[in-house]
Amino acid sequence: MKKTLLELHRELDETENVIRACDTAQVYGLTLDSASFDKYNEAIERQKELMEEITAYEQMRGGIITHTQMMRKEPEL
């Protein structure tokens, strides 16, 4: 089943949280264990995939389509 745009953005946020947590740990001089480092790398790769999916989804939509009956403005005398 294909994910909705909202679900893709939520997953993108989750990967961003993992990446920020690891980056913050490294800023404070903490070392990452191998499991955390693997999660960090997986989050980066998944982010790339999600961005491609989101871009494809947004291009597929192509904007808003409206249907209306056009009315002429009455001339002022």
Side-chain angles (χ1 to χ4, degrees):
M1 184 167 87
K2 193 169 184 173
K3 292 184 177 183
T4 66
L5 186 59
L6 181 62
E7 291 171 332
L8 292 173
H9 278 286
R10 283 184 183 155
E11 189 175 348
L12 185 65
D13 290 342
E14 290 172 8
T15 59
E16 185 63 29
N17 289 338
V18 171
I19 293 169
R20 282 185 186 162
C22 292
D23 286 342
T24 301
Q26 290 175 350
V27 165
Y28 287 105
L30 304 174
T31 56
L32 300 175
D33 61 355
S34 62
S36 298
F37 190 71
D38 290 342
K39 282 185 181 181
Y40 177 73
N41 287 328
E42 289 170 8
I44 291 172
E45 291 303 316
R46 183 63 183 142
Q47 240 185 10
K48 291 176 187 175
E49 294 168 5
L50 287 168
M51 289 306 298
E52 289 174 5
E53 289 180 42
I54 289 170
T55 302
Y57 191 94
E58 290 175 347
Q59 288 176 351
M60 180 181 66
R61 288 194 340 210
I64 298 172
I65 299 173
T66 60
H67 297 280
T68 184
Q69 185 176 19
M70 301 300 286
M71 305 282 290
R72 274 185 32 180
K73 184 178 176 181
E74 292 295 323
E76 296 178 20
L77 297 178

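Nothing here was measured: the structure is a model prediction, and the numbers come from that model.
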Margin query: Just verifying a value: how many Å separate K39 NZ and T15 OG1, rounded to the nearest 0.5 Å?
Written below: 13.5 Å
Next item on the list: Report the distance from atom CZ of R10 to atom CG of L12, rounding to the nearest 0.5 Å.
Entry: 13.0 Å
Checklist line | R46 with E49: basic N within carboxylate O range, under 4.0 Å | finding: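 Salt bridge between R46 and E49, a charged N being under 4.0 Å from a carboxylate O: yes.
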Item checked: Presence of salt bridge, E11 and K3, under 4.0 angstrom ->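 Result for this pair is yes, salt bridge flagged.
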Notebook entry, point to check: Can L50 be reached from L5 by stepping across I, L, V, M, F, W or Y side chains whose heavy atoms are under 4.5 Å apart?
Noted result: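 Yes.
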Notebook entry, point to check: Taking a hydrophobic cluster as the set of Ile, Leu, Val, Met, Phe, Trp and Tyr residues connected by side-chain heavy atoms closer than 4.5 Å, whether directly or through intermediates, do L8 and M51 fall within one such cluster?
Noted result: yes
Please list every donor-acceptor pair under 3.5 Å in which a side-chain atom of residues 16-25 meets a protein atom from a residue at least two apart or in another chain.
residue : atom : partner : partner atom : Å
E16     : OE1  : Q47     : NE2          : 2.6
E16     : OE2  : R20     : NE           : 3.2
N17     : ND2  : D13     : O            : 3.4
D23     : OD1  : Y40     : OH           : 3.0
T24     : OG1  : R20     : O            : 2.8

